[in-house]
Amino acid sequence: MAVLAHEPVITQSHADVTRDVVSTLEKPSTGYVLITLGAVGMFLVGALTFLILVKDGLGHAGYQPPVFWLVYITTFVFWIGIGHAGTLISAILYLFRSPWRTAVYRSTEVMTVFAVMTAALFPIIHIGRQWLFYWLLPYPNQRFLWPNFKSPLLWDVFAITTYFTVSTTFLVYGLIPDVAAVRDKVSGWRKLVYKIASAGWVGSDNQWRHYSRAYLYLAALATPLVLSVHSVVSWDFASGIVPGWHGTIFAPYFVAGAIYSGIGMVLTLIIPLRRVLKLEHMITEYHFDNLGKLVLLTGSILFYAYGMEYFIAWYSGNPYEQTTFWRRAFGSLWWAGWSMIICNAFVSQLLWFKKIRTSVTALFVISIFINIGMWFERYVIIASSLSNDFLPWAWDNPNPTWADWGILAGSFGWFGMWFLLFARTFPIVAIQEIKEMIPMPRLRAGGGHH
Amino acid sequence: MLTGCSTDKVQKLIPYLVQSEDQVPGVATWYASTCTECAAGCGLHVKTREGRAIKLEGNPDHPINRGKLCSRGQASLQGLYNPGRVKGPLARGAGGEWQEITWDDGIQRFAAKLSAASGKVAVISGAGRGTFSDLLADWTGALGGKVTRYQPFDHEPLRTANRAVFGRDEVPAHDFAKAQYIVSFGADFLETWLAPIENQRGFAESHGFHDGKMARHVAFAPRMSLTGQNADEWHAVTPGSEAALALALANLLVSEHGADAGGIGASLSRFTPEMAAKETGVDVATIRRIGKELAEAKPSLVVAGGVADQHRGAVELCAAVNILNYVAGNIGQTVLFGGDLQAGDSAAGIDAVGAALDGGHVAVLLVHEANPLYALPASTGFAARFKKAGFKVSTSPYFDETAAQCDLILPNHHSLERWDDVHPRAGVAGLMQPVMEPVFRTMATGDVLLKVAQKAGGALARFNAPSFEAQLKNRWAELAKQQGQADAEGFWRAAVQRGGLYGDRPAAAEVKMAAGVEATYTAPAFDGSGEFYFAPHVSSFLYDGRGTNKPWLLENPDPVTKLTWHSWVEVHPDTAARLDVRNGEIVRLVSPQGAIEAPVCVYPGIHPQVLSVPLGFGHTEYGAYAKGRGVNALDLLGAKSGQAFVAYLSTKVAVEKTRKYQKLASTEGNPRQLGRHIAEAMPVALAAKGLTPAEADRAEGHPEEEVNTERELEALKGWRAAVQQRNQRGNYAGDHPQWGMVIDLAKCTGCSACVTACYAENNIPTVGEEEIHRGREMTWMRIERYWEGQTTPTSAPEPRFVPMLCQHCANAPCEPVCPVYAAYHTTDGLNAQVYNRCVGTRYCANNCPYKVRYFNWYKYNDAAWPEPLNLQLNPDVTVRARGVMEKCTFCIQRIRGAQNQARLEGRSIKDGEFTTACAQACPSDAIVFGNVNDPASRVRQLKEDRRGYHVLEDLNTRPAVTYLAKVLHRSEA
Amino acid sequence: MARRHKVLPGVLGSFEHIDAATDAIKALRAGGHKDLVVYCSHPNHELEEALETPVSPVRLFTLIGGLTGCTAGFTMTIWMNLDWPVLVGGKAFASVPAFVPIGFELTVLIGALSSVLGVVLLIVLLGKRGVMYDPRFSDDRIGVFVPAPPESASTLERLLRDAGAVEVRYAAP
């Protein structure tokens with residue numbers, strides 16, 4: 001396997017790895033429990049808000065025609081985007097055999113699954129008659145009504161379902177050998193649980209033979225998803241005629257943004273996590289440096305995309321586009337427009353400096369900026385574009401309300417709840433892949449490759 | 001919600017033991033009737049379903065409105081079903097509290113009081129001239145009392161001036177259709193002045209663009225009313241100075257254009273253009289030019305009214321206008337005397353009543369169809385005097401300010417529930433008939449009078465008709481005799497069926513200028529020392545305040561300011577800048593009589609020295625919708641109007657800033673077109689040359705906007721053909737009608753009658769002020785008003801109206817994005833919306849470039865029609881649930897209805913046999929609907945018009961709605 | 001850990017050193033013991049080489065699954081649009097470009113699921129039952145199990161210990 005120049009030398013033995021990782025599954029500290037409960041609380045806030053929306057109608061939210069989509073779709077795209085980094089790291093970097101992914105990919109994969117799980121709630125929350133969301137599915141019915149496959153929203157349904165299923169499969173699949181390892185360490189009822197979860201894994205040559213092969217194909221299949229899912233999401237907008245949406249640049253622009261925001265969220269999550277779970281020696285500067293480079297790359301692509309949007313608006317001579325982008329910068333939503341450009345295009349450029357890339361604190365702060373900036377990017381694309389389209393007479397500006405913030409908070413609670421529970425139940429670091437990187441002891445010195 | 005019936009009425013609805021022949025469930029029954037919302041007396045066709053009136057339309061036979069109906073007339077339905085109606089006779093108990101009583105009891109009490117009144121009886125009635133008014137007069141006379149006929153805005157100054165100048169105590173008819181040149185001194189003849197619908201029809205005919213010609217309309221007024229917005233030229237004049245201008249024009253005609261002075265030339269000569277310019281603020285050149293144009297155009301028409309004839313110089317102004325019309329030779333041409341029957345006693349009469357009350361000469365006071373306690377300025381102290389009456393009886397169907405102060409309320413039927421007639425002008429007698437069971441426990445006042453007469457006996461004993469209906473039939477039997485009809489019964493039945501007696505306007509009377517008429521002008525005096533003229537204006541929806549209890553009229557945006565649900569103060573932009581006040585900033589207007597607070601509405605169409613507030617708000621009673629809504633502009637007016645009429649424009653006010661704000665409930669987004677060619681307009685010269693709007697645009701030297709090159713258009717055609725080919729399957733195979741619409745912006749006046757019609761026809765919910773703040777109005781059809789040009793006092797802004805409704809695009813952007821096919825294209829070219837398939841993703845609305853899709857954010861259908869307003873709902877149209885998208889359907893229920901009828905009769909649909917609600921209502925006939933595939937159809941013909949264009953054509957949505965560009969009759973000078 | 005049902009007789013040697021394990025495997029295979037079961041906590045190339053493991057046939061499942069998904073996607077969308085022809089936005093009923101995303105997503109979805117299914121089937125079908133196991137194999141030990149009758153056990157133990165097995169156990173029925 002390719003060896004990078006400054007790839008860290010892992011000093012532990014296989015036994016140490018197993019011990020360290022299994023130790024993360026011991027009884028959590030009170031602090032950890034409290035944080036988890038906090039997440040549950042936030043989720044309940046969202047749940048309550050949702051109930052009110054179902055009871056009275058969407059009117060509570062800040063929709064103000066012509067702005068018919070607002071915070072819910074914004075947050076939907078935000079969470080979908082988050083997911084992408086996980087798949088990128090676990091699938092694409094796997095195919096490129098880049099060794100630094102090993103320590104972090106499990107946590108990113110978990111993030112992906114729960115982020116997509118969160119996002120998947122929003123198409124239901126945001127529609128007018130939430131209880132009829134299943135009408136979007138092509139299920140056989142006595143009247144032979146089929147959904148409209150020309151609608152980008154239908155593409156969405158398929159893209160998200162696929163993405164969720166595949167990434168979940170990928171996660172669980174990779175988890176099985178590790179669960180087996182845990183099974184063989186613990187005792188009592190937990191042993192029983194992990195025994196069932198490990199589905200009779202013993203790590204025999206026959207099992208590894210099929211397992212590793214299929215893992216390769218799963219990675220190969222997940223890879224195009226990274227590009228496709230957010231492209232499809234971008235077409236929700238790009239196939240509309242709304243000025244500010246109707247652009248061919250949208251697919252690559254969204255994909256880059258997705259990965260950018262995803263890595264941002266990865267940093268936000270694993271920087272505290274590695275301390276709580278005492279994994280500093282496994283997730284090291286070296287990993288952050290590489291993540292930082294990814295942020296820099298994708299951030300710069302965004303920079304280009306933003307610039308290009310304005311350039312085309314001017315160059316095309318299309319009056320509608322021009323008005324839209326003028327108002328995006330200087331209209332009533334200017335603050336959102338600028339926070340998006342500053343948080344994404346500018347802040348990411350700081351990562352040219354290795355000092356910053358390797359400073360955990362700096363990265364954490366930047367990652368917060370990224371999260372905020374990317375949420376605003378979607379808010380701007382949706383709210384700002386809709387608020388001034390073709391007929392000036394209809395123009396109006398949205399006003400988000402408690403109903404919007406309630407659901408937003410709920411989504412973070414929902415995501416955090418699952419993530420925190422997972423991190424204490426299953427190995428958040430991939431035991432068997434780490435071991436794969438550690439040479440096994442030999443009787444005869446030297447010789448052989450590992 | 002079940003439309004058309006509320007569950008508790010179900011037993012009454014269907015099971016007729018013996019089905020009455022005019023009630024077939026599911027089939028509409030139409031009755032002819034007459035509108036009583038103003039004095040014009042338009043004819044009605046009332047559509048009833050299962051015994052409920054559900055829509056009012058104009059009566060095509062009626063000579064005044066010819067099948068059209070204004071917003072107020074249509075909203076009369078919401079008066080019929082108004083939750084604020086008095087549900088039955090009420091009497092004030094010992095403790096002053098209201099108690100429900102029986103009719104017998106009520107009549108008993110009334111009769112007793114009358115018997116004891118010993119002649120001290122007074123009656124205030126707003127009823128138009130007709131059988132009832134005559135009965136009331138006799139009846140009161142028999143009691144030794146007198147009926148004071150009182151209507152706000154009864155054009156007393158006009159009447160007085162006509163007495164003075166022509167010796168005729170009447171209001172003439174005005175033929176706008178014939179006029180080649182129209183000069184209006186503040187007359188809002190498209191809104192409330194005399195017979196607005198008749199005026200508007202005439203105006204559309206003369207001022208609309210026909211074979212290369214159109215009339216010209218010049219308006220002088222301190223405030224640009226909707227009528228002013230429809231002028232080719234509007235000049236803000238100093239309030240009260242219009243008479244000088246009118247006389248100066250007359251002088252010009254006489255001195256420079258050789259018109260016949262009718263013997264008053266001498267008194268005219270001092271009214272030079274220079275003098276008029278000084279008085280009014282209009283520059284001399286303009287005055288001279290208009291004088292010239294006026295002289296050249298024959299016939300012309302000059303009218304005065306609205307804010308202009310509500311100041312103390314109003315009589316002089318009307319006299320001046322009479323003189324101007326006379327020298328311009330319009331008398332007998334476009335100003336037609338000899339038709340008027342109305343005669344009011346006006347404020348003078350009210351003063352008399354007041355005096356009688358003071359003198360304690362009123363033991364019993366009956367108030368009928370009038371609300372003086374609201375309509376008279378508080379400073380007149382009439383409310384206090386009113387209390388001095390011994391026993392006060394009201395017949396108001398609504399619990400209004402006056403009824404609230406009475407001792408006994410004997411609620412009258414709504415005009416749709418009773419027999420009655422009204423004679424708005426010679427030769428025209430409109431009948432009213434009960435079109436349905438009374439909604440509440442009310443009784444026609446005519447019957448009350450007769451019953452009371454029988455109870456009281458004595459002098460009243462002779463009023464012994466069995467019922468008012470009988471009285472009415474007798475009266476019409478006489479009418480039959482006058483008409484030389486032998487068969488009275490047949491005459492009656494024919495009249496009931498047709499809606500009344502619709503004779504033609506009698507030949508114009510010969511009118512000579514009275515002897516010794518002098519052209520006079522004195523600048524009118526104003527009360528108060530404030531900086532600004534206070535000009536309350538008559539709202540075209542609320543009128544004298546009787547519209548304020550009808551949600552349609554409150555939510556349908558005011559045609560001038562596009563504001564809803566609340567009062568406002570119109571301030572000129574420059575004045576606003578000077579005072580440093582912004583839209584929505586609440587200011588306090590202070591006059592010697594009092595102060596009111598209302599939010600600022602910066603409005604370019606007003607004289608910088610003038611502040612204007614709509615009348616009709618600030619009710620203290622009159623039902624939940626009206627009570628406490630907005631402020632009453634009358635509170636600022638002085639008691640002594642000085643004339644025999646209330647001079648609304650007689651006060652100067654000071655402005656105090658409160659630094660409080662209120663979000664304006666406006667439906668206006670950005671009122672500028674940003675060069676997007678939404679409301680196209682072209683000069684009459686170019687239109688006459690047959691140029692298209694785009695060509696005209698280029699001809700005027702504007703840069704050409706590249707839309708599609710010829711080759712691109714070719715490609716598009718090919719592509720369309722290919723797609724149409726591929727789409728010939730399923731229901732789409734074969735030929736189908738293609739429904740389309742043409743809207744002529746040269747005719748559209750922005751009056752918004754179409755919007756109200758749409759509300760009524762399509763069960764559109766009113767959402768209320770809060771939701772309007774969030775831009776969530778549901779008006780399927782809206783009138784967009786864009787401003788062109790500058791808004792400085794020197795160059796008045798130019799408004800452009802665009803009725804915006806679903807364009808039913810052939811390439812509808814809303815359709816493909818719907819994931820469940822709730823939005824799709826029907827075989828006959830409609831853009832359909834399937835409510836019960838819609839899940840509410842709202843993508844369609846985002847993707848609609850015309851923004852004509854409306855979403856049910858809440859359960860609007862719960863709140864919009866409190867009992868019994870829900871009885872008005874149209875059973876043919878689904879009431880939309882929360883969470884679904886809705887939009888204009890081209891009145892698909894009417895299309896399918898007509899198609900079914902045609903199928904039953906085994907024929908195809910005839911052009912014009914039905915039309916959409918908006919087209920049906922449009923007073924200027926600007927909207928035409930029909931089958932575009934029928935080469936003979938009117939809509940197809942109009943689509944060929946060179947003025948035709950599509951809004952946002954460059955999006956290639958291929959709308960089914962074609963607009964004909966407005967034509968601007970700018971002055972050549 | 002052996003299954004409830006019958007235990008497969010044989011010898012299980014566990015190693016701490018990779019080269020020892022590979023030596024043992026090579027020796028055993030030379031001695032005609034081809035049906036070994038080798039345990040390891042992670043996929044190890046040296047062991048694979050020693051065992052000369054052939055490439056897994058699981059890729060067939062992936063391929064077939066993917067193709068199925070792709071066809072399903074396009075046939076479903078096109079058929080449904082022709083089965084219920086509704087005109088939207090003046091577009092053709094079966095407008096294939098709009099259906100590409102569906103076809104693509106289903107390719108990935110069914111492809112992935114069938115690969116996992118493949119793995120499960122192959123492991124269940126080709127795997128041996130009742131083979132002796134030791135929990136440390138999932139930690140840091142390598143296990144080599146030689147199915148053999150009890151009589152040849154002693155020779156095998158010697159072979160394993162010579163190769164460097166730290167521990168040898170017998171599995172008896």
Side-chain angles (χ1 to χ4, degrees), chain A residues 54 56-69 73 123 126-136 145-157 236-237 239-243 245 317-320 323 382 385-399, chain B residues 667-676 678 705-706 771 773-777 782 784-786 802 804 813 815-824 837-860 881-885 951-952 954-955 957:
Chain A
V54 173
D56 300 346
L58 288 173
H60 289 300
Y63 299 109
Q64 197 140 319
V67 181
F68 287 84
W69 286 355
I73 296 294
H126 110 109
I127 62 174
R129 303 200 288 174
Q130 295 90 345
W131 53 95
L132 295 178
F133 72 93
Y134 65 90
W135 283 5
L136 272 70
L145 307 179
W146 304 122
N148 173 11
F149 288 101
K150 288 161 204 159
S151 167
L153 298 184
L154 246 284
W155 311 344
D156 240 9
V157 170
D236 285 351
F237 305 100
S239 43
I241 64 171
V242 179
W245 286 10
N318 178 326
Y320 311 119
T323 318
I382 292 165
S385 305
L386 287 174
S387 62
N388 41 248
D389 65 342
F390 294 98
L391 271 198
W393 185 263
W395 290 359
D396 207 342
N397 289 313
N399 288 317
Chain B
T667 60
E668 170 184 273
N670 180 339
R672 290 287 176 168
Q673 291 194 59
L674 312 175
R676 294 182 178 191
I678 297 156
E705 300 232 347
E706 184 67 36
E771 287 295 276
H773 284 157
R774 305 170 85 178
R776 294 174 179 178
E777 63 272 10
R782 61 171 185 262
E784 302 189 345
R785 190 254 300 109
Y786 291 101
V802 191
M804 187 49 66
E815 289 166 357
V817 297
C818 175
V820 292
Y821 285 127
Y824 78 105
R837 177 67 171 169
C838 175
V839 298
T841 67
R842 307 189 296 290
Y843 198 165
C844 54
N846 284 341
N847 217 32
C848 171
Y850 305 94
K851 288 292 172 278
V852 286
R853 295 181 146 265
Y854 302 88
F855 188 70
N856 287 271
W857 299 103
Y858 285 118
K859 299 171 182 170
Y860 294 134
R882 151 285 282 269
V884 306
M885 192 63 69
V951 174
L952 302 175
D954 48 334
L955 296 181
T957 52

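In what follows, every chain begins at residue 1, and chains take the letters A, B, ... in the order their sequences are listed.
Neither the backbone nor the side chain of A:S385 comes within less than 4.5 Å of any heavy atom in chain B. Within the 4.5 angstrom heavy-atom criterion, only side-chain atoms of A:W245, from C-beta onward, approach chain B. With a threshold of 4.5 angstrom between heavy atoms, A:Y134 does not approach chain B through any atom at all. For chain B, no part of A:F133 is nearby; none of its heavy atoms comes within less than 4.5 Å. Neither the backbone nor the side chain of B:V852 comes within contact range of chain A; no heavy atom of the residue lies under 4.5 Å from a heavy atom of that chain. Of the atoms belonging to A:P65, heavy atoms from both backbone and side chain fall under 4.5 Å from chain B. Heavy-atom distances place the backbone of B:E815, and not its side chain, under 4.5 Å from chain A. For B:Q673, the part lying under 4.5 angstrom from a heavy atom of chain A is the backbone only.
No other option in B:N856, B:N670, B:V884 has as many heavy-atom pairs under 4.5 Å with chain A as B:N670. Listed options B:I678, B:L674, B:V820, B:N846 were ranked by heavy-atom pairs under 4.5 angstrom with chain A; first place goes to B:N846. Heavy-atom pairs under 4.5 Å with chain B peak, among A:G317, A:G57, A:A394, A:G128, at A:G128. Among B:R676, B:M804, B:M885, B:R853, the residue with the largest count of heavy-atom pairs under 4.5 Å with chain A is B:R676. In terms of non-hydrogen atom pairs under 4.5 Å with chain B, the most contact-rich of A:L154, A:D156, A:I241, A:L132 is A:I241. Ranked by heavy-atom pairs under 4.5 Å with chain A, the first of B:R782, B:K859, B:R785 is B:R785. Most heavy-atom pairs under 4.5 Å with chain A: of the set B:G883, B:G775, B:P819, this distinction falls to B:P819. When A:D56, A:L136, A:V242, A:T323 are compared by the number of non-hydrogen pairs under 4.5 Å with chain B, A:D56 comes out ahead. Comparing A:F149, A:W146, A:W155 by how many heavy-atom pairs each has under 4.5 Å with chain B, the most go to A:W146.
Considering all non-hydrogen atoms of both residues, B:P849 and B:L955 come closest at CB-CD1, 3.5 Å.
At distances below 3.5 Å, at least one donor-acceptor pair connects side-chain atoms of A:R129 with backbone N or O atoms of B:C838. Distance alone, capped at 3.5 Å, is enough to place a donor-acceptor pair between the A:N148 side chain and the B:P816 backbone.
Here the OH atom belonging to B:Y786 is positioned 7.5 Å from the CH2 atom belonging to A:W393, to the nearest 0.5 angstrom. Atom CG of A:L58 is separated from atom CH2 of B:W857 by 6.5 Å, given to the nearest 0.5 angstrom.
In terms of the side-chain contact (heavy atoms from CB on, under 4.5 Å) criterion, residue partners of A:N399 (sequence neighbours excluded) are, by chain and number, A:Q64. With sequence neighbours excluded, the residues forming a side-chain contact (heavy atoms from CB on, under 4.5 Å) with A:P66 are A:D396, B:K851, listed by chain and number.
Remark: B:R882 is not positioned above the aromatic ring of B:Y858, lacking an NZ or CZ atom under 6.0 angstrom from the ring centre and at most 45 degrees off the axis. Remark: B:R837 qualifies as a cation-pi partner of A:W135 under the 6.0 Å distance and 45° angle criteria applied to the six-membered ring.
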- Do A:W69 and B:Y843 pass the ring pair (Phe, Tyr, Trp, His ring centres under 6.0 Å) test, and can you show the C-alpha distance, the side-chain angles, and the key distance before you say yes or no? CA-CA 8 Å; A:W69 286 355; B:Y843 198 165; 4.8 Å; yes
- With ring pair (Phe, Tyr, Trp, His ring centres under 6.0 Å) as the test, would you mind laying out the steps for A:F390 and A:Y320 before giving the verdict? CA-CA 7 Å; A:F390 294 98; A:Y320 311 119; 4.8 Å; yes
